[in-house]
Amino acid sequence: MYKRQLLQSERDFSACSIGNATTAATSVINGTTFGPGFRCGGSSTSFPGRFIVAAGNRTVANAAGGTRAFVAANDQYNFGPLNYFQRPSERYGFNASLNYDITEFAKVYSEFSFHDDRTVAQIAPSGLFGFDASGANAVRCDNPLLSADWRRDLGCVGTAGTGDAFILRRNVEGGGRQDDLRHTSYRTVVGVKGEFAKFWNYDIFAQTGRVVFQETYKNDFSIARTALALDAVRDASGAIVCRSGATGCVPYNIWSLGGITPAALAYLATPGFQKGFTDQSVQGATVSADLGNYGWRMPNAKNGVGFAFGIERRTEELELSTDSAFTTGDLAGQGGPTIGLGGGYTVKEVFGEIRVPIIEGKQFAELLSVNGSVRNTDISTGQKSTSYGLGIEWAPVKDFRARGSFQRAVRAANVVELFTAQGLGLFDLNVDPCGPSRTATAAQCARTGLPAALYGNALLDSPAGQYNLLGGGNPLLKPETSDSYTIGLVFTPWKNFSATLDYFSIKVDKVIGTAPAGTTLSQCLLTGSAAFCSLITRDRLGTLWALPAARIVATNQNLGKLETEGIDIGFNYAHKIQNYGGMKYDFIGTYVNKLDVEPIPGLGTFNCVGLHGATCGAPQPEWRHKARATWETPWSVDLALTWRHIGKVDQEGTNSSPLLKTAVLPADSTFSERNYFDVAVSWAITKKVTLRGGVNNLFDKDPPVSGLVGAGFGNGNTYPQVYDALGRR
């Protein structure tokens, strides 16, 4: 199967990177009117660059090396157009199965599956994402590529000495960064099942699976080579060369328009390589029986007690190897190092299940039954746990049934959560509270390590609204535990109609995750607690985003709690239409009234229902549903119309909780509800040949957009995993 790429430039709502840029007026972007509230924003890693030097914020003015002031409103780089909304991909798959009856008591079965996929992700060009040209990397004033304007702005006196610079420049000459990804998987299952004694069934199996991963990251910049290429000098012949004399080094002339040569790009462009695999092997055996055959049944029941018992052993293993470019953090466009990891664990489990019909076929008890299950888990990391469940089902009459259950579940940390090496990542924050907005006092900001002289400095705000965090694994993680309660009703009042109503409540303790970096920052500002402030490091510029030294620690921990509560509603109905076939109607909807999150024990909770953002993640609407009507015509043609509805949500900063509330928000902070309509046609040409086709998003409804979508959750100013970002297709 092949799928072509789709650039964000091909959709008007994503062709411009909004970021946290706001304005009181409306804006026209690629022919679409936004606002009031939106304008094109972008990144300060721009073209022809943002240079923070002795003279302030400067940029290149012309081919002669003239300079001018950097103006954020005009000079920020729009990184949206080159990003992929949909990646090109190629996928192959193969499945086979074999079953053979050895005897009437033993049936051998086997499965084999294989798949291979390759896809390429693309984002905006790499460049100098805050290159620190100071100290050993300081710009030398005798650099022959510097014009008189640059020497003046750098604070040089003639050609003597050095000048410090903080450089943000986009490699527009080299094109977008591309991540070439390939996954190849193999899965085999071999087992034997049958009856080993009268009324007793068994199933013994072994399963193995492996996914092989390969990645080639192209068109990124080497930070080490950049330092060498920026330091130029004239040789004895008068030619401009790299001062270091490093093999292959070509001077990188960012000091004038049009100064970049293909040879310089070829020297700086550095690929990154990663490879690895995940392995899983499972062996298990179960036995089951209907004990009613031995007379084990309740006095008022027709069916006997059902019983099952089993054992299972599962091994999980993961290995990732990275080259030196990734490991050392030399790739400028990665935001930090990607360090290899390896690890695994073994899980041994014993489980049992039982189902007991109590009453059947009686007045006010057409059916009354209970069931239970228990599972004991022993993990090689030293963790042990027991999960269990209880359920009850009661049907006073055939047309009505009630059901309820309780389930204690346990989830152990996976290999990635346990063993990932620490490295830099990003989190969303609309503004630094210590920047120009000054929503925190100077005394509060000092708690985060900000020098008094930098309080209110414009550089503290990241133009893209993204800041550094230090994430990583934790081998001491304990399993999460959850309690789930459900109560449901099933109605079948007449032929061809059924309806369900289910209430659910799920509570998770010891949630494995990271303390939200924004929460850590706000708690440090508010309380001054060392538990929070010690996790914050500002760089020499005072920022939390510009240099790799800037970070808020957010490694994996067993943190607070998560609780959700809501109702699922569904119905199905079918009826005949004389001479015109029949109609079918299907509906399923979910109402969520609680999604309480306690990010850190003791800090209180907030409800993410109806919100989206860096902490709450992807939109969590209060109500969403899918309805489908199908006309089954008498002419072997079926026509279907589907209605997908997603309720409105707000940016989490509008919430009154102090853990979410944000002082500065985009002018339009509400995602209005969305309704999508799809049509489908199926034509059974013969008994063996069927032709299908359809149109999704029939009315070409655009997704809602925001200047603040959660990093790692959103893309292209919206959430493509929730809303339809591809349009009519």
Side-chain angles (χ1 to χ4, degrees), residues 1-15 32 84-95 115 117-120 496-500 568-577 579-590 618-619 621 623-648 671-705 714-729:
M1 181 181 72
Y2 176 76
K3 181 171 63 177
R4 81 167 186 89
Q5 73 272 14
L6 178 72
L7 291 165
Q8 289 185 10
S9 62
E10 297 180 58
R11 296 294 183 268
D12 51 15
F13 54 82
S14 58
T32 296
Y84 283 163
F85 241 149
Q86 176 175 275
R87 300 185 306 203
S89 66
E90 207 166 9
R91 180 179 300 175
Y92 302 90
F94 174 81
N95 295 277
H115 113 281
D117 72 69
R118 182 187 174 198
T119 182
V120 177
N496 298 328
F497 178 85
S498 66
T500 59
D568 288 329
I569 302 170
F571 74 80
N572 301 277
Y573 176 55
H575 68 89
K576 297 292 184 180
I577 304 175
N579 300 324
Y580 290 98
M583 293 293 299
K584 284 186 176 180
Y585 306 95
D586 302 280
F587 177 90
I588 185 168
T590 299
W623 172 257
R624 63 192 307 165
H625 71 249
K626 180 186 289 186
R628 183 181 179 92
T630 304
W631 177 25
E632 297 178 331
T633 76
W635 309 292
S636 301
V637 175
D638 293 348
L639 304 173
L641 174 67
T642 301
W643 170 25
R644 295 177 283 138
H645 172 83
I646 304 169
K648 82 173 188 69
F671 282 180
S672 60
E673 65 180 25
R674 282 298 185 270
N675 294 287
Y676 300 109
F677 294 90
D678 310 324
V679 294
V681 181
S682 176
W683 176 25
I685 301 173
T686 70
K687 289 184 178 180
K688 296 183 178 181
V689 179
T690 300
L691 180 66
R692 296 186 178 92
V695 179
N696 287 347
N697 195 355
L698 182 64
F699 299 110
D700 200 21
K701 186 71 172 178
D702 283 346
V705 296
N715 184 27
N717 306 319
T718 189
Y719 296 89
Q721 72 273 45
V722 176
Y723 301 102
D724 194 325
L726 298 182
R728 181 170 50 233
R729 61 196 183 281

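Treat the numbers as computed from the prediction; the structure is a model and nothing was measured.
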Side-chain donor-acceptor pair under 3.5 Å between [X] and [Y], yes or no?
| X | Y | result |
| --- | --- | --- |
| Thr590 | Asp568 | yes |
| Asn715 | Gln8 | yes |
| His625 | Trp623 | yes |

Atom [atom1] of [X] and atom [atom2] of [Y]: how far apart are they, to the nearest 0.5 Å?
| X | Y | atom1 | atom2 | answer |
| --- | --- | --- | --- | --- |
| Ile577 | Trp631 | CD1 | CH2 | 7.5 Å |
| Arg4 | Ser89 | CZ | OG | 12.0 Å |
| Met583 | Thr633 | CE | OG1 | 11.0 Å |
| Asp638 | Glu632 | CG | CD | 5.0 Å |
| Lys584 | Asn572 | NZ | CG | 9.0 Å |
| Glu10 | Gln86 | CD | CD | 9.5 Å |

Smallest separation among heavy atoms of [X] and [Y], with atom names:
| X | Y | value |
| --- | --- | --- |
| Ala640 | Thr630 | CB-OG1, 3.8 Å |
| Arg644 | Asp678 | NE-OD2, 2.9 Å |
| Ser14 | Asn717 | CA-ND2, 3.8 Å |
| Asp700 | Gly727 | OD1-CA, 3.4 Å |
| Gly581 | Pro634 | N-CD, 3.6 Å |
| Tyr723 | Pro703 | CB-CB, 3.7 Å |

Donor-acceptor contact below 3.5 Å, side chain [X] vs main chain [Y]:
| X | Y | value |
| --- | --- | --- |
| Ser682 | Arg692 | no |
| Arg728 | Leu698 | yes |
| Asn496 | Tyr573 | no |
| Ser9 | Ala15 | no |
| Arg674 | Asp702 | yes |

Report task. May I ask you to test the Asp724-Lys701 pair for a side-chain heavy-atom distance under 4.5 Å? Result -> no

Query raised in the report: Got Leu7 and Tyr84 here, is their nearest side-chain heavy-atom distance under 4.5 Å?
Result: yes

Report summary line: Given the options Asn696, Leu641, Leu639, Thr642, Val679 meets side-chain contact (heavy atoms from CB on, under 4.5 Å) only with Leu641

Determine whether more than 12 heavy atoms belonging to other residues, nucleotides or ligands lie under 6.0 Å from atom [atom1] of [X].
| X | atom1 | result |
| --- | --- | --- |
| Arg91 | CZ | no |
| Phe677 | CZ | yes |
| Phe497 | CZ | yes |

Report task. Check whether the ring centres of Tyr585 and His575 lie less than 6.0 Å apart, and answer yes or no. Result ->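 Yes: the rings meet the under 6.0 Å criterion.
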
